[in-house]
Number of protein chains: 2
Amino acid sequence: MSNTRPARDRILDAYEELLINEGPRGATLDAVVARAEVSKGGLLYHFKNKEAMAAALIARLEELAAADLVRMRADPEGPSRYLVRESVYVGSALDRALIGVVRLAQASDPDASAVLERIHRSWMDLVLEEVGHPAIARAIVLLGDGLYYNEGLPGGWPRDQDSSAAQSVADLLEVVDVLKAHAASVPQNR
Amino acid sequence: MSNTRPARDRILDAYEELLINEGPRGATLDAVVARAEVSKGGLLYHFKNKEAMAAALIARLEELAAADLVRMRADPEGPSRYLVRESVYVGSALDRALIGVVRLAQASDPDASAVLERIHRSWMDLVLEEVGHPAIARAIVLLGDGLYYNEGLPGGWPRDQDSSAAQSVADLLEVVDVLKAHAASVPQNR
DNA sequence: GTCTATACACCGATAGAC
DNA sequence: GTCTATCGGTGTATAGAC
């Protein structure tokens, strides 16, 4: 397989993938080493224990999220549309890292929760800055959250199979525009 | 404690609670029997194995969800507002069962996923029936999903601590009204 | 119906060879 | 830097006493 990639990266990829597909329960060291095609000793050379491996995954998410935030801020369609557009799971590196760390957080990892909170807050801040209306901003971010869970978690809510993904997103972006228009017409808050 | 409740119910309650607070990983038989104040043998008399215990929890959710759907259909404010109102986690029996089974689904339990899909679809059907606009209906259901994950999962997205829960819901209900009004003004679809 | 005792598999981690 | 071998702990489940 892609055995050319450094072992450290292969291990992290395998761990992430197992978190997504099998959950924290299934992401055992044995499963990771099988998927990464290294031995247990090999893994524990790169990461002294499981916690260190999780920390590395969280650090990787943080980098990817920071880069994404730059793109979100610079997007010509604005942060709100960017957020909803990108909230559909397409299996990007960020998508995978995000879902993987969500799984970790669900397994009560405080560091994972903390990173997710920071990321979430950065989204909220950017969207609020754009629409200027806290309730509308919150609704847009929540919509993205719902989308992420619907589409991204194999075992979470079921994804809607009745609508093509592309059309589905286009429709939701129209809804976002409706919300943005409303916020603009009622420049009440903040 | 509430040792008057039948052992079977105590076991199920304990399992549910552990799924919510500790995740599938922490919901071990040992943890369940400790919390339910029964012995391991006692548990395995009522449920022949862990899978049977999970199945019983899923069945309990199905009953609670069916009863809730009746209320949702009959609510004077309509299904959409009912859904968003009730999507904030308040620790009701339905809330707990729902989150517990979501956790099971995240641990790749196919039966759990199937029930969640049925429940989700029934919500979507009712909301769509009310607003008559698929994209708006989808947005409203997604908003509820996002809310549920934000507030209901101890380790999921962080809950917003900056706004009081009551005010937060009231604001979101206003957003729902905006969406409903838009759907009514554009009776395009279906 | 509920208990104790125990079998057995699996997981995380260490030690040490190569 | 990667491997094998192995230990201690924990998890599920069974057997059988009460």
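Because only heavy atoms are used, hydrogens play no part in the values below, and waters and symmetry mates are left out as well, while side chains stay in. A, B, ... follow the sequence lines: proteins, then strands. Residue 1 opens every chain.
The side chain of B:Y45 contributes no N or O atom lying less than 4.0 Å from OP1 or OP2 of C:dT2.
Tested against B:V127, the residues B:V84, B:L83, B:V176, B:I136 include a single side chain to side chain contact (heavy atoms under 4.5 Å, CB included) partner, B:L83.
Around CD of A:E51, the count of heavy atoms belonging to other residues, nucleotides or ligands within 6.0 Å does not exceed 12.
Nucleotide C:dG12 holds its C1' atom 16 Å from the CZ atom of A:F47, rounded to whole Å. In this entry the distance linking CD1 of B:I11 with C1' of C:dG1 reads 11 Å, nearest Å. Distance A:E22 CD to C:dC11 C1': 16 Å, rounded to the nearest Å.
Side-chain polar atoms of B:Y148 and B:D95 form a donor-acceptor pair below 3.5 angstrom.
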Would you give a per-nucleotide map of nucleotides 4-18 of chain D, 5' to 3', where B means the base has a protein non-hydrogen atom under 4.0 Å away, S means only the sugar-phosphate does, and - means neither?
B------SBBB----
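Remark: B:D177 engages B:R81 in a salt bridge, criterion side-chain N to carboxylate O under 4.0 Å. Between B:R71 and B:E86, no side-chain nitrogen of the basic residue sits less than 4.0 Å from a carboxylate oxygen of the acidic one, so the salt-bridge criterion is not met.
Taking 4.5 Å as the limit, some side-chain heavy atom of A:W123 sits within range of a side-chain heavy atom of A:L69.
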